[in-house]
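A quick write-up on the structure given underneath.
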Amino acid sequence: MKLLLDTHLLLWAAGSPDRLSAAARTLLEDPENELFFSAASLWEIGIKQGLGRADFRVDARVLRRELLDNGYQELAISGEHAVSIDCLPAIHKDPFDRILVAQALVEGIVLLTADALVAQYPGPVRLV
């Protein structure tokens with residue numbers, strides 16, 4: 001199964017794996033699953049780290065390299081992803097979460113999230 005991790009799950013997987021739920025750990029450790037991260041998550045981390053947010057104290061360049069070195073695949077943001085946002089219901093206002101949902105829908109990838117609000121979106125979104 002192809003799995004796209006939301007930004008917080010990426011941060012937890014890389015630096016605080018004890019924060020991951022048992023369900024998330026099981027999915028991430030399954031060698032049959034293909035793990036993806038979005039360029040949108042790196043963008044979000046860069047912006048929020050620059051703003052001094054305590055929960056985003058990570059160098060996006062280092063995180064990207066570590067994810068790639070650990071077998072994650074990078075998902076670029078395409079024009080198709082961007083225009084698909086207009087089809088999403090107004091459940092969540094965060095543009096980063098909305099682009100992740102759009103990417104999951106367009107690519108047919110399951111978006112894993114720990115955010116119950118994001119999990120309300122229709123389509124391949126799974127709360128873990």
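Position 1 is the first residue of the sequence, and the numbers go up from there.
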When you measure from the side chain of Arg25 to the backbone N and O of Leu20, does any donor-acceptor pair fall under 3.5 Å?
yes

Side-chain heavy atoms nearer than 4.5 Å, only ILVMFWY residues, links allowed to pass through others: does that put Ile47 and Ile77 together?
yes

Phe37 reachable from Val58 in the ILVMFWY side-chain graph, under 4.5 Å edges
yes

Is there a path of hydrophobic side-chain contacts, each under 4.5 Å between heavy atoms of I/L/V/M/F/W/Y residues, joining Leu88 to Ile91?
yes

Quick one: are Phe96 and Asp6 in side-chain contact, heavy atoms under 4.5 Å?
no

Mind checking the CG-CG spacing from Leu28 to Leu5? Nearest 0.5 Å is all I need.
5.0 Å

Straight-line distance of Glu66 CD to Arg61 CZ, nearest 0.5 Å
14.0 Å

For residues Ile45 and Ala60, report the shortest heavy-atom separation together with the two atoms involved.
CG2-CB, 4.1 Å

So, for Glu32 and Asp30, which heavy atoms are closest and what is the spacing to 0.1 Å?
N-OD1, 2.8 Å

Would Leu100 and Val125 count as a side-chain contact (heavy atoms from CB on, under 4.5 Å) if you check the C-alpha gap in whole Å, the side-chain angles of each, and the deciding distance to 0.1 Å?
CA-CA 10 Å; Leu100 293 174; Val125 182; over 6 Å; no

Checking Leu105, Ile109, Leu3, Leu111 against Pro124 for side-chain contact (heavy atoms from CB on, under 4.5 Å), the one that qualifies is Leu105

Do Met1 and Leu27 have side-chain heavy atoms sitting under 4.5 Å apart?
yes

Just wondering, do Leu42 and Glu74 contact through their side chains at under 4.5 Å, heavy atoms?
yes

Between Leu112 and Leu75, is there a shared hydrophobic cluster once you connect ILVMFWY residues whose side-chain heavy atoms come closer than 4.5 Å?
no

Mind checking whether Gln120 and Leu117 have side chains closer than 4.5 Å, heavy atoms only?
yes

Pairwise distance CG(Leu9) to CG(Leu35) - rounded to 0.5 angstrom:
11.0 Å

For Gln103 and Ser78, indicate whether the former's side chain and the latter's backbone hold a donor-acceptor pair under 3.5 Å.
no

How far does CD of Glu44 sit from OG1 of Thr7, to the nearest 0.5 angstrom?
4.0 Å

Shortest non-hydrogen contact from Tyr121 to His92?
OH-N, 3.0 Å

Could you grab the distance from atom CD of Gln73 to atom NZ of Lys2, nearest 0.5 Å is fine?
7.5 Å

Any luck finding a side-chain donor-acceptor pair between Ser84 and His81 under 3.5 Å?
no

On a heavy-atom basis, the closest approach of Ala13 and Tyr72 is CB-OH, 4.0 Å

Please tell me whether Leu10 and Val110 are part of a single hydrophobic cluster in this structure, the criterion being side-chain heavy atoms less than 4.5 Å apart.
yes

For residues Trp12 and Ala114, report the shortest heavy-atom separation together with the two atoms involved.
CZ3-CB, 3.6 Å

Work out which heavy atom in Pro89 is nearest to a heavy atom in Pro122; give both atom names and the distance.
CG-CD, 4.0 Å

So CG of Leu4 and CZ of Phe36: to nearest 0.5 Å the spacing works out to 8.5 Å

